[in-house]
Every structure is written in C-alpha cells, then in structure tokens.
Amino acid sequence: MTVAKQVIVIGAGIIGASIAWHLTKAGAQVTVIADGVAGGVATPNSFAWINASWGNPEPYFRLRTRAMAEWTRLARDLPEIPLSWCGGLCWDLSAAAMETYAAQHSAWGYGIKRVDRIGVARIEPNLAELPDVALHVAEEGVAEPVAATKALLADAERRGARIISSTVTALVQTGGRITGVDTSHGLIAADDVVIAAGVGSPAIAATAGVNLPIETPPGLIVHSRPYTKLLNGLVLAERLHMRQTAEGRIIAGSDFGGADPGMDAEATARELFAALKAMLRGSDGLELDFHTVGYRPTPIDGFPIIGRAEGMDGLYVAVMHSGITLAPAVGLFATREILDGEGDPLLAPYRLSRFAQ
Ligand SMILES: Cc1cc2nc3c(=O)[nH]c(=O)nc-3n(C[C@H](O)[C@H](O)[C@H](O)COP(=O)(O)OP(=O)(O)OC[C@H]3O[C@@H](n4cnc5c(N)ncnc54)[C@H](O)[C@@H]3O)c2cc1C
C-alpha cells in the first residue's frame, strides 16, 4: 500500500481552498492552515467576475478559458457552489479597442456578440442610459466567492482534510528542502508545502530565501442592501462595473478590480454609489449598505505565479490576481504537479523562475 502524501496548504481563500479540495479528492493528506476567517482575505472583497476578457495575450486567454470550463466541472461535483453563467455586457473601451478585442477574441473562439442599443436594453432592461454599441459574452459569469470557498473547504474536510487556525511564521528547511512549517501553535511536518496565502505569501516565502515579487493595489467595492432584481448579468460600463449578487445586493467598483479608495474611502464609496443609482432605473429605494477595500495579490508583471519554487524542493507557490476566475484550474493543475509530477503546459509562462531572468 502506498502512503498518502502529506501536504500543507497555507491559506483558506479561494486558491488555498481549491488546491486543498483537489489534493484531498486525489488522495493526499491535507492540512490547511490559515490565520483569518474561513473564506480568505482578498476573496471576500472581490468583484468575482469569471472571464477571459480583453487585454490579455493568447496564452493567458487560454489558461483563463480553461479555468472557466473547470468551473463547470467543479460545480457538477459541488452543486452548492453558487456559480452563475449570467453573461457580461461590456462597453468600457474606445470604439477602436472594442473592435480589436472583438475581432481578436472571436478568432480565438470567445463567444463575443456585438449588440446595439436595442440589444443592450433587451439584455439589461433597467439601464438608464444605453450605449450605441456594446459587446456581450454569454459565457462569462460569477461564483459568489465566500460561499464557493466555504463549500470547497467543507467538502475537503468531509473527505479528511484538517483545517487549522494558526499563523505560519516560517517555512522549515531540512537538507535543502522544505519539510514543514512553523506556526503560532508549533511545528507541523509535511512532504510538500503550498503557499496560497495571497498578500501574506511573500513574507512566508522570504523565510526560506524565496522572493515573491508582488504588489498589493487596493480596490474599493460598494455593496447595496439586498434589493429586487435589477440586473441580469455583469455590466462593465465606462468607469462603473456592477453586478447583482446571489443574495440581491448590487455591488460595483469603478473597475472590476475595485475603485481607488483615495484619501477618503467613505466619500469615494458614496460617490460611486450615486453613480450606480444614476445608471439604474427603479433604484429609488436602493441603499448603500457598506463598502470594502481589498488588497489584490498581484505579481508585478500582472500574471499569476503558479508552480514549484525552483531550487527549493518541497515548496509550491500559487499567488495571483484573477484568483476567482483561475481557482478551479489552479487546484487541478497544482494537484497533478504535486502528486504526479505532471506540469500542465498552460502553466509554463507562469513559473516563478521568470522573475530570475
Ligand atoms: C477589489 C477586488 C476585485 C477583484 N475582482 C476580481 C474579479 O472580478 N475576478 C477575479 O477573477 N479576481 C478578482 N479579484 C482577485 C481575486 O479576488 C484574488 O485573486 C483571490 O481572491 C485571491 O485568493 P487567495 O486565496 O490567493 O487569497 P486570499 O483570499 O487573500 O486568502 C489568503 C489566505 O492566506 C491566509 N494567510 C495569509 N498569511 C498567512 C500566514 N502567515 N499564516 C497563515 N495564513 C495566512 C489568510 O488568512 C487567507 O486565508 C479581485 C480582488 C479584489 C481585492
């Protein structure tokens, strides 16, 4: 009988949860360690748009569309995940940029449709102002991020994963490889350690001399109180991206990555909410409930870091923006690589070693 591999996953946001779930399902003995509430840090503050939209080179587009397909596979296994392919309606680009995006991504197989004012009104009847032209992608969607993360962690636990609330203070090295972690509750040993700790990742990696070059830009999202249904899908208008959540809240940022909170986040939130209300008919009774400011774990070139830390056996890293889009593919690919040594070609551009060059 082969002994199950013992893997520590640091982080219980969407990325740690997905990796832990896939590893556990594949037979590993998994321990998740997180120092915050279940659901992560960036994850609950996310806009959570699942997409392979404009502005990305083809290899990243391919990874993102694969991740979108993997969301459907994951939701079949875990139907309690609130996943909705509600579609995205976008006109936040210049006419020329929209044309380039539509032509290029259509050629890559992305289901983009050009829609006129009448088409926009049909998709989103409550918009107060209509653009002359927009692009609609029916295959884009949303996974409510905290509920999805909790569903993954709960099922991983049912399948035998341990979830520990503790702070990882250092990676433990023995004979040039990572053999566990030191935590606020003592040492824990493992065959492999995965760092999926979002903005907390660089400090953990640094304890083994591994440099993770990430930035942490802030993003402000406003949340209304739950309200009658006004939006059918994602609306990506100029300076205002919004959607209605599964519990009926309308959430928005000046961009899906959130608004710059500026010096006075309260005032920025009020302004943004006023713009949101002005964009929606039937929103008279819509009230601002709260706003969040999340810090996005963003590698300095904007692309994910996923894979083994070259030169440090026993260590795997998964840190990224667009973690909601990418989570199911990251969980699957990381599991294959950690347990079977199979690196997916889609991950080739996203290794940590690219920063050494
Ligand atoms: C405003 C905003 C909008 C966004 N919009 C989108 C979007 O539309 N689409 C999209 O795909 N992505 C979006 N993102 C990005 C996405 O939310 C993140 O990429 C994703 O949530 C990262 O998940 P994570 O699990 O890596 O990190 P987190 O959710 O931050 O989780 C990190 C975990 O690590 C733990 N941790 C950290 N340090 C330690 C330590 N020393 N010891 C123990 N545990 C530790 C924390 O407790 C937490 O559990 C957005 C993000 C923000 C902030």
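Whatever order the structure lists them in is the order used to number ligands and atoms, beginning at 1.
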Ser224: which of Leu276, Leu230, Ile250 passes side-chain contact (heavy atoms from CB on, under 4.5 Å):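 It is Ile250; the other options fail the test.
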Given that the side chain starts at C-beta and the backbone is N, CA, C, O, which of these parts of [X] lies under 4.0 Å from ligand 1, counting heavy atoms, or is it both or neither?
X: Ala48; result: backbone
X: Ala203; result: neither
X: Ile50; result: neither

Which of the numbered atoms in ligand 1 are under 4.0 angstrom from any heavy atom belonging to [X]?
X: Gly36; answer: 47 (O)
X: Trp49; answer: 7 (C), 8 (O), 9 (N), 10 (C), 11 (O)
X: Gly40; answer: 29 (O), 31 (O), 48 (C), 49 (O)
X: Ala12; answer: 33 (C), 48 (C), 49 (O)

For [atom], what is the nearest protein heavy atom, given as residue, atom name and distance?
atom: atom 41 (N) of ligand 1; value: Val168 O, 3.1 Å
atom: atom 10 (C) of ligand 1; value: Ser322 CA, 3.4 Å
atom: atom 18 (C) of ligand 1; value: Gly323 N, 3.8 Å
atom: atom 3 (C) of ligand 1; value: Phe256 O, 3.2 Å
atom: atom 30 (O) of ligand 1; value: Ala42 N, 2.8 Å
atom: atom 17 (O) of ligand 1; value: Ser46 OG, 3.0 Å
atom: atom 21 (O) of ligand 1; value: Thr43 OG1, 2.9 Å
atom: atom 27 (O) of ligand 1; value: Gly198 CA, 3.7 Å

Derivation and outcome, salt bridge (Lys or Arg N to Asp or Glu O under 4.0 Å), residues Arg225 and Asp289: CA-CA 5 Å; Arg225 290 189 196 285; Asp289 194 0; 3.3 Å; yes
Is there a donor-acceptor contact under 3.5 Å linking the side chains of [X] and [Y]?
X: Arg296; Y: Thr216; answer: no
X: Glu215; Y: Tyr295; answer: no
X: Trp49; Y: Glu140; answer: yes
X: Ser184; Y: Ser166; answer: yes

Does Thr325 reach ligand 1 with a nitrogen or oxygen that is under 3.5 Å from one of the ligand's nitrogen or oxygen atoms?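 Among all N and O atoms of Thr325, at least one is under 3.5 Å from an N or O of ligand 1.
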Tell me whether Ile15 has any N or O atom under 3.5 angstrom from an N or O of ligand 1.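 N/O-N/O distance below 3.5 Å exists for this pair.
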Pair Val142, Ile50 - check side-chain contact (heavy atoms from CB on, under 4.5 Å), show working. CA-CA 5 Å; Val142 158; Ile50 300 173; 5.6 Å; no
Closest heavy-atom pair and its distance - Met320, Val330: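 So the two residues come closest at SD-CG2, 3.8 Å.
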Heavy atom to [atom], shortest distance: which of [options] holds it?
atom: atom 1 (C) of ligand 1; options: Val9, Thr183, Asn45; value: Asn45
atom: atom 40 (C) of ligand 1; options: Leu236, Asp35, Ile14; value: Asp35
atom: atom 53 (C) of ligand 1; options: His241, Arg296, His321; value: Arg296

Can Asp255 and Arg239 be said to form a salt bridge (Lys or Arg N to Asp or Glu O under 4.0 Å), step by step? CA-CA 6 Å; Asp255 171 85; Arg239 291 184 298 282; over 6 Å; no
Report whether Ile195 and Val199 are members of the same hydrophobic cluster (ILVMFWY, side-chain heavy atoms less than 4.5 Å apart, transitive linking).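 The answer is no; the residues belong to distinct hydrophobic clusters.
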Do the side chains of Asp155 and Lys25 get close enough for a salt bridge, i.e. N-O under 4.0 angstrom?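 No, no charged N to carboxylate O under 4.0 Å.
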